[in-house]
Amino acid sequence: MFVAKYVNGKWNLFAGIIMLLLGLMVWFNPFDTLLALAFYIGVGFIVTGFLYLMSAYEQRMGWYLLVGSFDVLVGVVLISNLGITAVSLPIILALWSLTIGIIQIISSLELKSIDLPWKSTAVMGYVGLFFGLAILIFPTIGAVAISTAIGFYAIMFGIIQILEYRWSKRNPICCRKLV
């Protein structure tokens, strides 16, 4: 039995147009983007924090308790003051990154002392310190970078989806035999 099927990628076209518009909206409304981002990051911090707290309870690890508590606190602060958070999001993320970086470096020393793998934890700790310090030194660049990166991703995603639609119009799939 043969089934004629033409894949025109109309969903790619719709997705591409929506993402392209979204990317442009993000670029032209960076404050609104930071508001939404503050909310979603806040929720993410709260969920991650609770997962760390559950892990701390199961594994009896003080560092997980500290990281989990700090993540929940940061998440609540982010959600409860969205306007202020959007403006200060780069600073809040920088302080979070510095704090977690320090905790990871200290934790890596503890892991090393009991002969467990520690190098990746130390590297991530130093990356967190570098990232946090860079944003604290240049907070405006941090805010612009956040909105720019999100907008760029959405625009590129939209363009790729529209190109996929155009490609599918030139290369239809038809008359496949069903077994």
Side-chain angles (χ1 to χ4, degrees), residues 1-52 71-72 74-98 100-101 104 120 123-179:
M1 174 168 135
F2 286 92
V3 174
K5 180 180 179 188
Y6 180 76
V7 178
N8 66 7
K10 65 183 174 187
W11 299 115
N12 295 74
L13 177 63
F14 293 140
I17 291 169
I18 289 169
M19 289 302 282
L20 191 59
L21 293 173
L22 177 66
L24 291 171
M25 186 176 71
V26 165
W27 272 356
F28 291 111
N29 298 299
F31 184 72
D32 291 339
T33 299
L34 289 176
L35 270 176
L37 188 59
F39 177 77
Y40 293 124
I41 289 175
V43 170
F45 272 92
I46 291 170
V47 170
T48 302
F50 277 117
L51 293 173
Y52 270 111
D71 281 357
V72 169
V74 169
V76 169
V77 168
L78 290 174
I79 289 177
S80 63
N81 303 300
L82 287 178
I84 295 169
T85 300
V87 172
S88 60
L89 187 61
I91 303 298
I92 291 170
L93 289 176
L95 293 175
W96 172 82
S97 182
L98 285 170
I100 297 301
Q104 287 177 317
S120 61
V123 168
M124 290 308 299
Y126 286 112
V127 167
L129 282 178
F130 174 77
F131 180 72
L133 287 173
I135 290 177
L136 282 177
I137 293 169
F138 305 107
T140 306
I141 292 172
V144 171
I146 291 168
S147 292
T148 302
I150 292 170
F152 179 76
Y153 174 80
I155 289 170
M156 293 308 299
F157 185 88
I159 289 170
I160 290 169
Q161 290 298 302
I162 292 168
L163 291 174
E164 276 189 27
Y165 169 76
R166 292 189 70 207
W167 177 85
S168 71
K169 292 295 270 186
R170 283 184 260 139
N171 300 299
I173 299 170
C174 67
C175 303
R176 289 193 176 178
K177 184 175 182 178
L178 294 178
V179 179

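Just so it is clear, the values below take in all heavy atoms, side chains as well, and ignore hydrogens, waters and symmetry mates.
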Residues in side-chain contact (heavy atoms from CB on, under 4.5 Å) contact with [X], at least two apart in sequence or another chain:
{"X": "Leu51", "value": "Val47, Met54"}
{"X": "Val123", "value": "Val127"}
{"X": "Thr48", "value": "Tyr52, Asp71"}
{"X": "Leu78", "value": "Ile41, Phe45, Val74, Thr85, Leu89, Ile92"}

Only distances under 3.5 Å count here; give the side-chain donor-acceptor pairs of residues 128-139 to other protein atoms, sequence neighbours excluded, each with its distance to 0.1 Å.
none

Do any side-chain atoms of residues 15-40 form donor-acceptor pairs under 3.5 angstrom with protein atoms, and if so which ones, sequence neighbours left out?
| residue | atom | partner | partner atom | Å |
| --- | --- | --- | --- | --- |
| Trp27 | NE1 | Thr148 | O | 3.3 |
| Asn29 | ND2 | Met25 | O | 3.1 |
| Thr33 | OG1 | Asn29 | O | 3.1 |

